[in-house]
Every structure is written in C-alpha cells, then in structure tokens.
Number of protein chains: 2
Amino acid sequence: MSATIKSVAEYAGVSIKTVSRVINNEGTVKPDTLAKVQQAIDALDYRPNKAARDLAGRDNYVLGYVYDNPNAYYILAMQNGILKECRANGYELLIHPCDATNPDIIDELVNMVNSARLAGLILSPPLSEMPDVLQAMDDKGIQYVRVLSGDKAPDDKPCVLVDDYQAARQITGHLLDQGHQRIAFIAGEKQHHSTTERQRGFYQALADHGIQADPELVIDGTYSFGTGVQSIQQLLALPEPPTALFACNDEIAAGALFGARMQGVDVPEALAIAGFENSPFSTQTFPPLTTASQPTAQIAQRATSSLIRSLQARKRKAENHTITADIFVPELIVRESTSR
Amino acid sequence: MSATIKSVAEYAGVSIKTVSRVINNEGTVKPDTLAKVQQAIDALDYRPNKAARDLAGRDNYVLGYVYDNPNAYYILAMQNGILKECRANGYELLIHPCDATNPDIIDELVNMVNSARLAGLILSPPLSEMPDVLQAMDDKGIQYVRVLSGDKAPDDKPCVLVDDYQAARQITGHLLDQGHQRIAFIAGEKQHHSTTERQRGFYQALADHGIQADPELVIDGTYSFGTGVQSIQQLLALPEPPTALFACNDEIAAGALFGARMQGVDVPEALAIAGFENSPFSTQTFPPLTTASQPTAQIAQRATSSLIRSLQARKRKAENHTITADIFVPELIVRESTSR
DNA sequence: GAGTAAAATGACAGCGTTGTCATTATGATG
DNA sequence: CATCATAATGACAACGCTGTCATTTTACTC
C-alpha cells in the first residue's frame, strides 16, 4: 500500500493541510517545516493520488494533446516531449486523434474538454493554425498552447514558434554557397504555415544573393513522396533544369531523389537535393539528405511547460503572468546529398 | 455543471446506490427500475466522474500502453486502436514509451504500474516477447495482454496473435504462382518473432511447391532501408541472381527497390519485390509494393477489449473466465511490384 | 395466507485530497 | 512589553463515487 498524505503528515509531525501546501508549492510554509515535510515525502516515497486531487480540487491535472497530422514521426516526437514534461509535473495526458477537416471538429473538441474535464490543450499544426478552432477555445475559456510555424507570435496568446523561415533561408544559403544558381523549390500543402514560411525563407535567401527566383522552378505539391517523384520529372524536363533542389520536407526530397535516379541523374553530382525535418527518411536514402533538424520533442516539452506555468499562474490569480513566446530555429544538417 | 450520481438518483426516484448498480452493470436491478434510471441518465446526460470512481473503487479505470518500437506508424496505429476501445469502455490510457534494452526496464515498468495504479497493461513487440518482463508482471500480479507474432498462443495468458507465418506463406505463394523459382528472402532482427515467423512461412511455401531453399538467397539484416539497399546489391551480384524477393518488411523492400533501380534492374520486369506491413512506404515507391496488410488498429482494439473483459471478470470473481486467443492473418495486397 | 428464502434496494461510511475558515505563532510597532 | 497585523498552521467539510451491510420487497412453498 502506498503512502497517503495522512501518513506523510504523521511522519513529519504536521497537519495534512501543510503537506498539501508543500506538494502544491503554495509558498506559505516555513523553510524548516518544508524541509521536514520534504524529507517525509522522500522517506515514504509518497506520490499524491491523482484521483483524490481531481475530485477534491477545482482543477484537474490532465492535459490534452489533440492532433491531426499524417506524419507519424512528428506526432510521436511531439507526444514523447509532452509526456516527459507532464510526468515531471504530475500531470496526465489525454491523447485525442481527430480529423481537422471534419466540420464538427469544434464541437468535438469542446465536448472532449468538458467531458474529460481537461485543464488545458496542446495544439499542433494544422489545428493550431485554424482561427475558428482557437476562437472557440477562447470563447469557452479553454486554456491552450500552440506549436506554430513563424518567426513572431501572431497574437498574445501562448505559443511556441518554429522559425521555418530562418531555417529555410539557411538551407537555401547553403545551396547558394555551393555555387548553385538555379535552385528549385517544391512546396507542401499551402494550408500549412510551415510551407509558406519555408517558401518565404527560400525567396529571401535568393534575394540576399541578388538572384531572381525563376517561377518555373517553384512547384506546388503535397508533403508526399509522390509529389517529389512527379515534380522532379517536371523540373528535369525543363530546357534549363535546376542544379539544386530544396524540397519542403524530407519525404518530398526522398521522392525527388528517387525520381532523379530513375532518370539517370546523379545526386549530388548533377543535382543537389535538400529536404527539411530530419525525419528517418533523410538517412534512409542514398546519398543521405541534407536537411534541417527541428527538435520536435524539445519543442513539445517547452510548449507543455509553458502551458503548465500559465495554468498555475491562473490558479494563483496572478494576472501579471507574462507570456513569453519561445522560438526554435531548426538547425542545418549537411549530408552527402548536397556535397560537392 | 454536469450531472452527478445524486441528481440522477433524485430524477429517477431511486437511491444513488441503485444508479451505481446500473452504470456498473451489476445485473441485480429490476428491468423497470433499470429503465427509469437509464432514462434519467440520458435526460441529464450523466457521465460518471472518473476521479470519484477511481478514488472510491478498488480498481482504477486506467490502462497502460508500453512500447518500444522504432516504427512510428505501427505504434500510432496501435495507439489509435487502443484509444478507441478505451474510450468506448470508459477507460483512460497512460502512454509509456520506454527502452527495452534498458537493464532496469522491469523495475521501471513495475514502478510505473504501481505509482499510476494501472488496472492493466497492453504490451506490443518486442516487450511482449520478453519472458523476463512477462514473468515480472505475473509475479507482481499485474494484468496484461500481449500482441504477439505467432499462429498459436505460447501459453494460457491473454494475447492476440498475428499470424505472420500464414501471411508470409501466402506472399511467397503469390510469387511462386507468378512462376518465380529463385526467390530471395531478407530477414529483419532475429529477436523479433515476426522475423522468424515470416521466415518460417517463406520456407514452408517453398516446400509446399517442392522447391529447395537456396541459402545464398537468404540474408539476415535489420528492419531498415539500409539493409534493403545492401542486401539487394549482394543478391544481384550472385552468379545466378534471384528473380523475386520477399523482404521482411516494407522498409527493407523499399531499400531493395531503390538498390535494384540504382543498378539498372527493372522492377517488376527483372525482379519482383514484395514487402510486409502495408506501411506508407509501400505506396510511396515506384512501382508500389506488393505487401501484407495487418489491421494494426483493429488488432490493438481487440487486445484492449480482451484485457478489459478479463479485468471485469476478475472483478466479479468469475474464475471460469475463459481466455480466447484472437488470431489475425495479415491479408495479401498485390500491387505492381510483383505483376508480370 | 403465514412463513421463508432470495432478490432488490437503500443508508451510510470512507476513499485521499483540496478549499474554507478558524486558530495559533511570529514579528513589528510604539 | 502590550498591541496589533500578518504569516503559518490546523480542523473539518466536501468532492462523487463504491463497498458493506441492513432493510425492504418479491416470489415461492405448504
């Protein structure tokens, strides 16, 4: 049988309420009392009973992660990061896969939050980029944190930013540094901010080097292997084909690599290819892909901790809780697919 | 404010205990009383408070999913299936990623089950195939269900079987039916039962057709793209190369396909390739891969429901609860990579 | 229709925590 | 050193449910 707050209180020689104050960091406990209680907690290996906490308290210690993203690696990395932070703070996580294209998605989410009595929500793209979803959460007073693509927060609500723009600029810059002049770009779904941000970074890098982008070299597609295969065929058929390609993610890049090989085009000798995401795809090709690595798990962890802090701040009625938008810049990883 | 058991009881004109009996299916309630209560539940949209249930009851309504598997698609599919069944039965799910090679893994798991007060565990490979892990669970009286590769249950403890043997036999049979005589096999990690079962099916199919397996055509590797690329080079360098390949999973098959193309070998004209798993890899290649589809989400759902049933049976002290081992046979999916 | 066993229902405590409010200790002030 | 404000602590009810055991109702027997 595991220790209860009562046994800890007896062991430490204080009331259960004081123990409660310690485990909730309420701050109104004398240092030596606190030390005694901490020691009792450690000695008895006490862990608060979540069910009792939820039942007695006003709030619940459960966060929700809502996702709709076909990319399994991304979701799992997010999930791992969130879980880590939740565990560290005694929160639990409710996982809720959903379909963002479902017209009833908003009702579904509100319903879920209410019936599971969630304390807050972690939203990743594309959900985190849907204004009506965010609006509904605000209306219902549901707390959330978003993971977003961008280089500055779109509003003052909590979010963690991934600076795809900057990273895309770096990747493109890397290709330019290698002497490439005709660089192609294959985009993913335009609904994802990540696509538009990466494209913006691509254009900016060209502009930095005084190069005019050739519209023929920019192709719209989806974040898929198939897009890569098809697009590269189209690009290679051009009278003046590109000597380098920046694909919006590794999956597209892998497809392009495959397509190029099928047509007998050597990579990187005749065509340099860079991807984005540092997914397993990027090392499972020959040659391995140059890419940008976003520390997804770490981003998720930061988002979660930010949500928890704002939850606790609200609990203590600290209205002056300042929301700081964390920002991550994916890091350039150079591999053989772009080496000269 | 949502309805409580008390408001339902008042509405229905019975005691709260009777409502409790209804929601727990205890069976000792008169039909018309039951109807009244049901109606009250519907009218008030009552949902039992999980925290109160957990606190008051002996058991918790929380299951755990423990995984260590590099394959993100598999895990996510499992997770989705488990979640679906949990939700349908009012259970919650605790997700616990872990490292099976960690020497302290057993302590870690036992600790987790105790501190989170889990009702039961869902184990997938490789954890479900580690005898010492299972032994520890049995010793501690922790209930679990395993998802296993095999065509019959190894013991009388609850499990759901995936008949890789049968499916591998079918895939190999399909290649044989296409007239192939020299069929290669690339294995994954030998620690995974799925590998040995698939290999067993491969040999059996050859034997069925009176063909002697050529050891030169069987290569050990890992479940990775790289294994596929390397192995196919080795196979194609043989004096008498194979005309068909059965790769232990789609990732290997995709690597092999890539490697074959690199060497100018046409697929399927000069070399037929089949994979296994029906992962996204299998449709992201040109040509798309023949493979076997295991309904992972459905398997997970079945496993979860089996665990829940056995949990409830134990609660009612029904010792005569018979454990039926469900068995799934992955289904052959023929695509262009093996068409004549 | 009285007597009995079995089925159905209810009263009430208790699960482990937090919130509210009362009480006690501490420190500052004159 | 008495007085008071404030910080620290404690007593106790309440959260919504289940388990135990007592009570009532029902069904059956002679």
Side-chain angles (χ1 to χ4, degrees), chain A residues 1-37 40-41 44-62 90-92 115-117 119 311-312 315-317, chain B residues 1-37 40-41 44-62 90-92 115-117 119 311-312 315-317:
Chain A
M1 210 50 223
S2 48
T4 70
I5 199 171
K6 203 174 152 192
S7 57
V8 173
E10 278 166 12
Y11 188 101
V14 298
S15 75
I16 57 172
K17 184 65 222 193
T18 300
V19 177
S20 171
R21 286 188 179 101
V22 171
I23 58 185
N24 288 293
N25 276 313
E26 288 184 25
T28 57
V29 179
K30 271 205 293 189
D32 52 337
T33 314
L34 194 140
K36 266 194 307 187
V37 174
I41 288 175
L44 301 176
D45 189 29
Y46 166 72
R47 293 149 176 273
N49 179 313
K50 207 190 75 63
R53 267 188 143 175
D54 285 351
L55 183 57
R58 195 161 281 146
D59 318 296
N60 268 13
Y61 291 80
V62 184
Y91 278 75
E92 277 195 7
S115 82
R117 298 173 171 84
L311 246 27
Q312 291 179 339
K315 191 173 173 183
R316 300 212 193 93
K317 289 135 193 153
Chain B
M1 209 51 224
S2 48
T4 69
I5 198 171
K6 204 175 152 192
S7 56
V8 173
E10 278 166 12
Y11 189 101
V14 298
S15 75
I16 58 171
K17 184 66 222 193
T18 299
V19 177
S20 170
R21 286 188 179 102
V22 170
I23 59 185
N24 287 293
N25 276 312
E26 289 183 25
T28 57
V29 179
K30 270 205 295 188
D32 53 336
T33 313
L34 194 140
K36 266 195 305 187
V37 174
I41 289 175
L44 301 175
D45 189 29
Y46 166 73
R47 293 148 176 274
N49 179 313
K50 206 191 75 62
R53 269 187 142 176
D54 284 352
L55 184 56
R58 194 161 282 147
D59 317 296
N60 270 12
Y61 292 79
V62 184
Y91 278 75
E92 277 194 9
S115 82
R117 298 173 171 84
L311 246 27
Q312 291 179 339
K315 192 173 174 182
R316 301 214 192 91
K317 288 132 192 156

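What you see is a predicted model, and the numbers here were worked out from it, not measured in a lab. In what follows, chains carry the letters A, B, and so on, assigned in the order in which the sequence lines appear, proteins first and then strands, with residues in each chain numbered from 1. Computed from heavy atoms alone, side chains included, the values below leave out hydrogens, waters and symmetry copies.
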Does C:dG16 have its OP1 or OP2 closer than 4.0 Å to a side-chain nitrogen or oxygen of A:T4? no
Side-chain atoms of B:A56 come closest, of D:dG16, C:dT9, D:dG10, to D:dG16
Between P on D:dG10 and CD on A:E10, what's the gap in Å once rounded to a whole number? 13 Å
Whether A:S20 contacts C:dT18 is assessed here as follows: a side-chain N or O lying under 4.0 Å from the phosphate OP1 or OP2. Is that the case? yes
Heavy-atom side-chain proximity of B:R21 to B:V37 below 4.5 angstrom: no
Protein-nucleotide distance (B:K17, atom NZ; D:dG16, atom P), rounded to Å: 17 Å
Reckon A:N49 has a side-chain N or O less than 4.0 Å from the OP1 or OP2 of C:dC15? no
Comparing B:V29 with A:Y46, nearest DNA chain C nucleotide closer to 5' gives the residue B:V29
Would you compute the distance between atom NZ of A:K17 and atom CD1 of A:I5 and round it to the nearest 0.5 angstrom? 8.0 Å
Strictly below 4.0 Å: does A:K6 bring a side-chain N or O up to OP1 or OP2 of C:dC15? no
B:L44 CG to D:dG16 C1': how many Å, rounded? 15 Å
Between C:dA8, D:dT20, C:dT17, spot the one nearest the side chain of B:K30, thanks. C:dA8
Flag side-chain contact, heavy atom, 4.5 Å: A:L34 against A:P31: no
Output yes when at least one side-chain N/O atom of B:Y61 is less than 4.0 Å from OP1 or OP2 of D:dC17, else no. no
Just the rounded figure in Å: distance from P of C:dT18 to CG of B:L55. 12 Å
For B:V62 and B:K50: C-alpha separation, side-chain torsions, deciding distance, then whether side chain to side chain contact (heavy atoms under 4.5 Å, CB included) applies. CA-CA 10 Å; B:V62 184; B:K50 206 191 75 62; 3.7 Å; yes
Give the rounded distance in Å between these two atoms: CZ of B:R53 and P of C:dG16. 19 Å
With the side chain defined as heavy atoms from C-beta on, A:I16 is closest, among D:dA11, C:dT17, D:dT20, to C:dT17
Calculate the interatomic distance between A:L34 atom CG and D:dA8 atom P; express it in whole Å. 11 Å
First encountered from the 5' end of DNA chain D, between A:T33 and A:A52: A:T33
Take atom CG of B:D32 and atom C1' of D:dT26, then tell me their distance rounded to the nearest Å. 12 Å
Taking CG from B:N24 and P from D:dG19, how many angstroms apart are they, rounded to a whole number? 7 Å
Below 4.5 Å, heavy atoms only, C-beta onward: do B:N24 and B:R53 meet side chain to side chain? yes
Within the modelled atom types, does a donor on one side and an acceptor on the other bring the side chain of A:R21 and the base of D:dG10 under 3.5 Å apart? yes
